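Report on the following structure.
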Amino acid sequence: MSYVPGVSVYGEKRVSGTVAGETESHEFRVWNPYRSKLASAIYSGVDNIYMGPGSAVLYLGAASGTTVSHVSDLVGPEGVVYAVEFSHRSGRDLEEMTKRRNNIVPILEDARYPQKYRMLIPRLVDCIFMDVAQPDQARILALNAQHFLKPNGGFVISIKANCIDSTAAAEVVFASETQKLKDSGLRPKSHTSLEPFERDHCVVTGYYKSPPQ
């Protein structure tokens, strides 16, 4: 349900309805899978995105915050979204959106250098979602997991094959990136194509291996 009823973030439709077992009507926002990698993952059958009510989520590649706003709805008033974005232009839009959503912490930093924003994330998070189009995105996710992700915490990463290697077949790239995640201590569980919503994209979900005691 909407964290800020009566307000559209990017012109999305809003509808009213009830939650199972309740009689009170709530407002819900339509989540377009053609405009959000996370929404397209859900539509494509990903069954666990590790973002329940009350969760702490680190969102890498927040852009102007359209999908971040939906994650804000998911985690609700007891949760928090740490939204990292490098572009100052997109970051201005992100910061403006968060003025109405106090469960989002905008962080204008480069996700490749998590040590630069360690002081802004005072707790370990339940989930990392990553949508950063960088050739070394597996390494970036692993670095952030080492800094911020709880042992056995979940991750969801959107992989764009052409951004990593435009000469190789998409499935070859996805397999290579999945192996890199495994090599860095992450444990991939599912690999889901985002067709027809996104071409040559997949989402990999999994969890962070508990460090040795």
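Bear in mind that the values here come from a model prediction, so they are computed numbers and not experimental data.
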*asked:* I'd like to check the side-chain hydrogen bond (donor to acceptor under 3.5 Å, both in side chains) partners of Arg112; sequence neighbours left out, ordered by chain and number.
replied: Asp110
To the nearest 0.5 Å, how far apart are [atom1] in [X] and [atom2] in [Y]?
{"X": "Ser8", "Y": "Lys13", "atom1": "OG", "atom2": "NZ", "answer": "11.0 Å"}
{"X": "Leu60", "Y": "Glu109", "atom1": "CG", "atom2": "CD", "answer": "12.5 Å"}
{"X": "Lys180", "Y": "Asp136", "atom1": "NZ", "atom2": "CG", "answer": "8.5 Å"}

*Residues Lys150 and Asp126 bridged, charged N to O under 4.0 Å*: yes
Any sub-3.5 Å donor-acceptor pair from [X]'s side-chain atoms to [Y]'s backbone N or O?
{"X": "Arg187", "Y": "Lys182", "value": "yes"}
{"X": "Asp165", "Y": "Val173", "value": "no"}
{"X": "Gln115", "Y": "His147", "value": "no"}

*Is atom CZ of Arg118 surrounded by more than 12 heavy atoms (other residues, nucleotides or ligands) closer than 6.0 Å?*
no
*asked:* On a heavy-atom basis, which atom in Leu181 and which in Pro188 lie closest, and how many Å separate them?
replied: CB-CG, 4.0 Å
*Heavy-atom closest pair, residues Gln137 and Ser158*: NE2-O, 3.3 Å
*If you look only at pairs with a residue in residues 95-104, which of them pass as a side-chain hydrogen bond (donor to acceptor under 3.5 Å, both in side chains), with sequence neighbours excluded?*
Tyr3-Asn102, Ser72-Arg101, Ser72-Asn103, Asp73-Arg101, Glu96-Lys99
*Who else is in Val156's hydrophobic cluster (ILVMFWY, side-chain heavy atoms under 4.5 Å, direct or via others)?*
Val9, Tyr10, Trp31, Leu38, Ile42, Val46, Ile49, Tyr50, Met51, Val57, Tyr59, Val68, Val71, Leu74, Val75, Val81, Leu94, Met97, Ile104, Phe129, Leu194, Val203
*Would you please classify the geometry between the Phe174 ring and the His191 ring as parallel, tilted or perpendicular, with 30° and 60° separating the classes?*
perpendicular
*Any side-chain donor near an acceptor of the partner, Arg139 and Ser184, under 3.5 Å*: no
*Taking the six-membered ring for Trp, are Tyr117 and Phe148 ring centroids under 6.0 Å apart?*
yes
